[in-house]
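The structure appears right after this line, and notes come after that.
Given the structure is predicted, the values throughout are model-derived calculations rather than measurements.
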Amino acid sequence: QMQLVESGGGLVQAGGSLRLSCAASGRPLSTVVMGWFRQAPGKEREFVAAISWSGSSTYYTDSVKGRFTISRDNAKNMVYLQTNSLKPEDTAVYYCAAARTLVAVTTTNVYDYWGQGTQVTVSS
């Protein structure tokens with residue numbers, strides 16, 4: 001079992017920044033691939049970013065490339081999502097998730113564990 005707890009969400013003006021954090025427990029973080037997803041009201045949960053076990057490889061959806069950065073600290077069992085130049089369309093609940101494979105890492109069904117989410121609201 002693995003537990004994931006997100007934090008760092010909030011209300012920010014367009015152009016602002018937030019640093020989302022995900023605290024992991026239950027198994028060594030180095031044994032899982034980590035991802036961030038988001039879900040806006042009335043929409044499906046969508047992939048945002050993912051990072052490989054050691055952090056050597058990262059993946060982003062096109063809409064956040066150049067604005068968001070995913071990182072991890074395995075020693076601290078923490079995963080981060082730095083979000084810059086936020087736009088109103090980034091408003092959503094953001095979830096971190098853990099998977100055992102990089103195959104199809106952009107899809108929700110490869111992830112075994114999910115956090116409860118943290119709300120990000122970007123005002124125009």
Applying a strict under-4.5 Å side-chain criterion to I, L, V, M, F, W and Y, I'd like to know whether [X] and [Y] cluster together.
{"X": "Met2", "Y": "Val105", "value": "no"}
{"X": "Ile70", "Y": "Val64", "value": "yes"}
{"X": "Tyr95", "Y": "Leu81", "value": "no"}
{"X": "Tyr94", "Y": "Trp114", "value": "no"}
{"X": "Val48", "Y": "Tyr59", "value": "no"}

For Leu86 and Leu18, run side chain to side chain contact (heavy atoms under 4.5 Å, CB included): C-alpha distance rounded to whole Å, both residues' side-chain angles, the deciding distance at 0.1 Å, then the answer. CA-CA 8 Å; Leu86 284 162; Leu18 286 172; 4.2 Å; yes

Main-chain N/O of [Y] paired with [X] side-chain donor or acceptor, under 3.5 Å:
{"X": "Tyr80", "Y": "Asp73", "value": "no"}
{"X": "Glu6", "Y": "Gly117", "value": "yes"}
{"X": "Thr121", "Y": "Thr91", "value": "no"}

Apply salt bridge (charged side-chain N to carboxylate O under 4.0 Å, His left out) to residues Lys87 and Asp90 and explain how you reach the verdict. CA-CA 5 Å; Lys87 305 175 182 179; Asp90 294 318; over 6 Å; no

Inspect the surroundings of CZ in Arg100 and state if more than 12 heavy atoms from other residues, nucleotides or ligands are less than 6.0 Å away. no

[X] to [Y] - nearest heavy-atom pair and separation:
{"X": "Tyr60", "Y": "Ala49", "answer": "CD2-CB, 3.6 Å"}
{"X": "Gln116", "Y": "Val5", "answer": "OE1-CA, 3.7 Å"}
{"X": "Gln82", "Y": "Ser17", "answer": "NE2-CB, 3.9 Å"}
{"X": "Ser52", "Y": "Ser56", "answer": "OG-N, 3.3 Å"}
{"X": "Thr101", "Y": "Trp53", "answer": "CA-CZ2, 4.2 Å"}
{"X": "Arg72", "Y": "Val32", "answer": "NH2-O, 2.9 Å"}

Side chain to side chain contact (heavy atoms under 4.5 Å, CB included) for Thr108 and Glu44? Distances and angles first, verdict last. CA-CA 10 Å; Thr108 58; Glu44 292 188 354; over 6 Å; no

Euclidean distance, [Y] [atom2] relative to [X] [atom1], rounded to 0.5 Å:
{"X": "Gln3", "Y": "Asn77", "atom1": "CD", "atom2": "CG", "result": "11.5 Å"}
{"X": "Glu46", "Y": "Ser63", "atom1": "CD", "atom2": "OG", "result": "6.0 Å"}
{"X": "Leu102", "Y": "Ile51", "atom1": "CG", "atom2": "CD1", "result": "10.5 Å"}
{"X": "Met78", "Y": "Leu29", "atom1": "CE", "atom2": "CG", "result": "9.5 Å"}

Tyr111/Phe37 aromatic ring centres below 6.0 Å: yes

If the condition is side chain to side chain donor-acceptor pair (under 3.5 Å), which residues does Glu89 pass it with, not counting sequence neighbours? none

List in chain and number order the residues that pass side chain to side chain donor-acceptor pair (under 3.5 Å) with Ser123, two or more places apart in sequence or in another chain; answer none if no residue qualifies. none

May I ask you to test the Trp36-Val79 pair for a side-chain heavy-atom distance under 4.5 Å? yes

Check: Arg38 and Val120 side chains under 4.5 Å, non-hydrogen atoms: no

